Amino acid sequence: MSSTWHILGAGSLGSLWACRLARAGKAARLILRDAQRLQAYQQAGGLTLLEQDRASLYAIPAETAESGGPIHRLLVACKAYDAAPAIAALAPRLVAGADLVLLQNGLGSQDEVAERAPLARCVFASSTEGAFREDDWRVRFAGHGFNWLGDPANPTPPPWFTDLGEAGIPAQWTPDILSRLWRKLALNCAINPLTVLHDCQNGGLLGHLDEVEALSTELAALLRHCGQPLAARDLDEEVQRVILATAANYSSMYQDVRAGRRTEVHYLLGHVCRAAARHGMRVPQLEHLHQRLVDNLRARGLPSA
Ligand code: NAD
Ligand code: KPL
């Protein structure tokens with residue numbers, strides 16, 4: 001097996017991971033959207049990672065999906081709605097037993113990817129690290145956090161997992177990655193849509209705690225119904241703790257909407273509503289929230305799925 005990390009998507013998280021892997025001497029190769037992006041990247045001379053007041057340039061080799069050559073390990077670092085089409089385009093290059101590391105927030109995109117790459121091992125990740133693009137090929141490491149990785153189909157960590165520690169990427173292998181992803185999904189559903197609808201920072205939700213509590217209660221019931229009792233435990237308290245701890249921040253969905261970017265709603269609130277429907281469970285608060293959010297996005301001319 002080749003030890004090269006192919007990294008699909010040189011956006012915020014993809015660049016953050018690529019730069020740290022390259023800095024640690026790990027073989028990394030970026031996969032960019034098309035020949036035009038590749039040319040622009042080559043002109044820039046590499047990726048720049050900004051950490052506090054330090055800027056470091058990493059001349060990581062790059063290619064496009066069409067470049068050819070086998071892929072043994074792929075970090076999928078695009079948005080949830082781009083993941084399945086990106087993997088479909090790369091499928092002919094994936095060797096049997098290739099490892100895919102899926103950094104997407106929310107749930108649903110992981111299964112879409114797995115369908116398109118049935119011979120690959122899909123490792124799911126849940127990240128609380130924060131990064132954003134200051135400009136093309138310039139990414140700021142904005143928030144130290146942690147990464148949990150796991151494979152719902154196989155509790156054994158892959159041999160390359162030690163690369164992460166060696167590259168200074170804080171990570172732990174967990175056999176219960178689905179519980180982590182559901183918990184984060186529930187937090188995002190209780191907070192992010194309301195910040196868009198009330199046009200406020202996370203702390204602004206302290207003025208709407210009745211709404212937040214009603215959503216948390218319904219989300220916890222749904223998690224238990226979906227076989228995720230751990231993810232449901234004391235959800236209400238954690239939602240309020242996160243609101244307080246991030247009171248001055250704008251949620252990621254709020255930032256996407258404000259910047260006119262497509263949101264990942266289909267894999268967040270959309271996934272929750274679909275899961276409830278599959279289980280024949282009524283979730284009127286969540287359904288109503290979803291409808292209000294969809295209407296709000298449509299009114300702004302943004303995709304609602
Ligand atoms: P981003 O938009 O900054 O980067 C995604 C990149 O993928 C873009 O550069 C895009 O052009 C590229 N891309 C899309 N399709 C592609 C394709 N077919 N081929 C090549 N490149 C392609 O997104 P991000 O903020 O890095 O988020 C990635 C995922 O990580 C999301 O699901 C997000 O919710 C999650 N996440 C992000 C952060 C963060 O701080 N940015 C934190 C936690 C989780
Ligand atoms: O993850 C978040 C986000 O903004 O996406 C928090 C801060 C937890 C709010 O849901």
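Computed from a predicted model, the values in this text were never measured in an experiment. As the structure lists them, so they are numbered: ligands from 1, and atoms in each ligand from 1.
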*Asks:* Which residue and atom name correspond to the protein heavy atom nearest atom 43 (C) of ligand 1, and how close is it?
*Replies:*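 Its nearest protein heavy-atom neighbour is Ser127 O, 3.5 Å.
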*Asks:* Grab the two heavy atoms, one from Arg121 and one from Thr156, that are nearest each other, plus how far apart they are.
*Replies:*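 Smallest heavy-atom distance, with atoms named: NH2-O, 2.6 Å.
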*Asks:* Ring centres under 6.0 Å, that's the criterion: do His208 and His198 meet it?
*Replies:*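 Ring centroids of His208 and His198 are less than 6.0 Å from each other.
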*Asks:* Distance under 4.0 Å to a non-hydrogen atom of Leu32: what atoms of ligand 1 satisfy this?
*Replies:* 20 (C)
*Asks:* Which pair of heavy atoms, one from Val95 and one from Pro70, lies closest together, and at what distance?
*Replies:*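 Distance-wise, the nearest heavy atoms are CG1-CB, 3.6 Å.
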*Asks:* Any nitrogen or oxygen of Arg33, main chain or side chain, under 3.5 Å from a nitrogen or oxygen of ligand 1?
*Replies:* yes
*Asks:* Please write down residue, atom name and distance for the protein heavy atom closest to atom 28 (C) of ligand 1.
*Replies:* Cys78 O, 3.5 Å
*Asks:* What protein heavy atom lies closest to atom 41 (N) of ligand 1? Include the residue and the distance to one decimal.
*Replies:* Ala131 O, 3.1 Å
*Asks:* Looking at Asp82, which atoms of ligand 1 are within less than 4.0 Å of one of its heavy atoms?
*Replies:*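 Taking each heavy atom of Asp82 in turn, ligand 1 has 14 (C), 15 (N) under 4.0 Å.
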*Asks:* To check you understand the geometry: which heavy-atom pair defines the closest contact between Ala125 and Leu181, and what is its length?
*Replies:*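 Between these two residues, the closest heavy atoms are O-CD2, 3.6 Å.
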*Asks:* Thinking salt bridges, do Arg73 and Asp163 make one under a 4.0 Å N-O criterion?
*Replies:* yes
*Asks:* With a heavy-atom distance limit of 4.0 Å, tell me whether Thr128 approaches ligand 1 through its side chain, its backbone, both, or neither.
*Replies:*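 Contact part for Thr128 vs ligand 1: neither.
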*Asks:* Would you mind telling me if ligand 1 is within reach of the side chain of Asn105, the backbone, both or neither, using heavy atoms under 4.0 Å?
*Replies:* both
*Asks:* Looking at Asp256 and Arg262, is there a salt bridge between them, counting it only when a charged N and a carboxylate O are closer than 4.0 Å?
*Replies:*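 So Arg262 does not pair with Asp256 through a salt bridge.
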*Asks:* Under the side-chain contact (heavy atoms from CB on, under 4.5 Å) rule, collect the residues that match up with Ser216, sequence neighbours excluded.
*Replies:*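 Testing Ser216 for side-chain contact (heavy atoms from CB on, under 4.5 Å), a comparison that skips the adjacent residues, returns Ala190, Val212, Asp236, Val239.
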*Asks:* With a cut-off of 4.0 Å, which atoms of ligand 1 are near a heavy atom of Gln104?
*Replies:*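 Counting atoms of ligand 1 from 1, those under 4.0 Å from Gln104 are 32 (O).
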*Asks:* Hey, which atoms in ligand 2 end up nearer than 4.0 Å to a heavy atom of Ser251?
*Replies:* 4 (O)
*Asks:* Using heavy atoms and a threshold below 4.0 Å, how should the contact between Glu129 and ligand 1 be classified: side chain, backbone, both, or neither?
*Replies:*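 Glu129 to ligand 1: backbone contact only, side chain stays beyond 4.0 Å.
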*Asks:* Can you name the ring-ring contact (aromatic ring centres under 6.0 Å, His included) partners of Phe132, sequence neighbours left out?
*Replies:*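 Residues passing ring-ring contact (aromatic ring centres under 6.0 Å, His included) with Phe132: none at all.
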*Asks:* In the protein, which heavy atom is nearest to atom 35 (C) of ligand 1, and how far is it?
*Replies:*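 It is Leu103 O, 3.8 Å.
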*Asks:* Please say whether more than 12 non-hydrogen atoms of neighbouring residues, nucleotides or ligands are located less than 6.0 Å from NE2 in His279.
*Replies:*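 Above 12, so yes.
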*Asks:* Has ligand 1 got any nitrogen or oxygen that is less than 3.5 angstrom from a nitrogen or oxygen of Glu264?
*Replies:* yes
*Asks:* What protein heavy atom is closest to atom 8 (C) of ligand 2, reported as residue, atom name and distance in Å?
*Replies:*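 Heavy-atom neighbour on the protein nearest atom 8 (C) of ligand 2: Val242 CG1, 3.8 Å.
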*Asks:* To the nearest 0.1 Å, how far is atom 12 (C) of ligand 1 from its closest protein heavy atom, and which atom is that?
*Replies:* Gly9 CA, 3.7 Å
*Asks:* What protein heavy atom is closest to atom 44 (C) of ligand 1, reported as residue, atom name and distance in Å?
*Replies:*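 Minimum-distance protein heavy atom for atom 44 (C) of ligand 1 reads Leu13 CD1, 3.8 Å.
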*Asks:* Looking at Glu166, Glu51, Glu129, which hits salt bridge (charged side-chain N to carboxylate O under 4.0 Å, His left out) with Arg20?
*Replies:* Glu129
*Asks:* Kindly identify the option in Asn202, Asn249, Asn192 whose heavy atom sits closest to atom 7 (C) of ligand 2.
*Replies:*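 Looking at heavy atoms only, the winner is Asn202.
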*Asks:* Nearest to atom 27 (O) of ligand 1, what protein heavy atom do you find, and at what distance?
*Replies:*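 Protein heavy atom at minimum distance: Lys79 CE, 3.7 Å.
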*Asks:* For the residue pair Asn296 and Arg292, confirm or rule out a side-chain donor-acceptor distance under 3.5 Å.
*Replies:* no
*Asks:* Do you know which two heavy atoms are closest between Ala55 and Leu50, and how far apart they sit?
*Replies:* CB-CD2, 3.5 Å
*Asks:* Which residue holds the protein heavy atom closest to atom 4 (O) of ligand 2, what is that atom called, and what is the gap in Å?
*Replies:*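 Of every protein heavy atom, Ser252 N, 2.9 Å lies nearest to atom 4 (O) of ligand 2.
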*Asks:* Considering both backbone and side-chain atoms of Ser12, is one of its nitrogen or oxygen atoms within less than 3.5 Å of a nitrogen or oxygen in ligand 1?
*Replies:*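 Yes, Ser12 has an N/O under 3.5 Å of an N/O on ligand 1.
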*Asks:* Looking only at non-hydrogen atoms, find the nearest pair between Asn192 and Ser252 and report the distance.
*Replies:* ND2-OG, 3.5 Å
*Asks:* Numbering the atoms of ligand 1 from 1, which are under 4.0 Å from a heavy atom of Gly130?
*Replies:* 40 (O)
*Asks:* Identify the closest protein heavy atom to atom 1 (O) of ligand 2: which residue and atom is it, and at what distance?
*Replies:* Asn188 ND2, 3.1 Å
*Asks:* Are any of the side-chain nitrogens in Arg93 or Glu66 under 4.0 Å away from the carboxylate oxygens of its partner?
*Replies:*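 Not counted as a salt bridge, because no side-chain N and carboxylate O are separated by less than 4.0 Å.
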*Asks:* Could you check atom 18 (N) of ligand 1 against the protein and tell me its nearest heavy-atom contact, residue, atom and distance included?
*Replies:*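 Atom 18 (N) of ligand 1 sits closest to the protein heavy atom Ala86 CB, 3.5 Å.
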*Asks:* Please work out, at 4.0 Å between heavy atoms, whether the side chain, the backbone, both, or neither of Ala142 comes within that distance of ligand 1.
*Replies:*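 For Ala142, there is no contact with ligand 1 at all, from either part.
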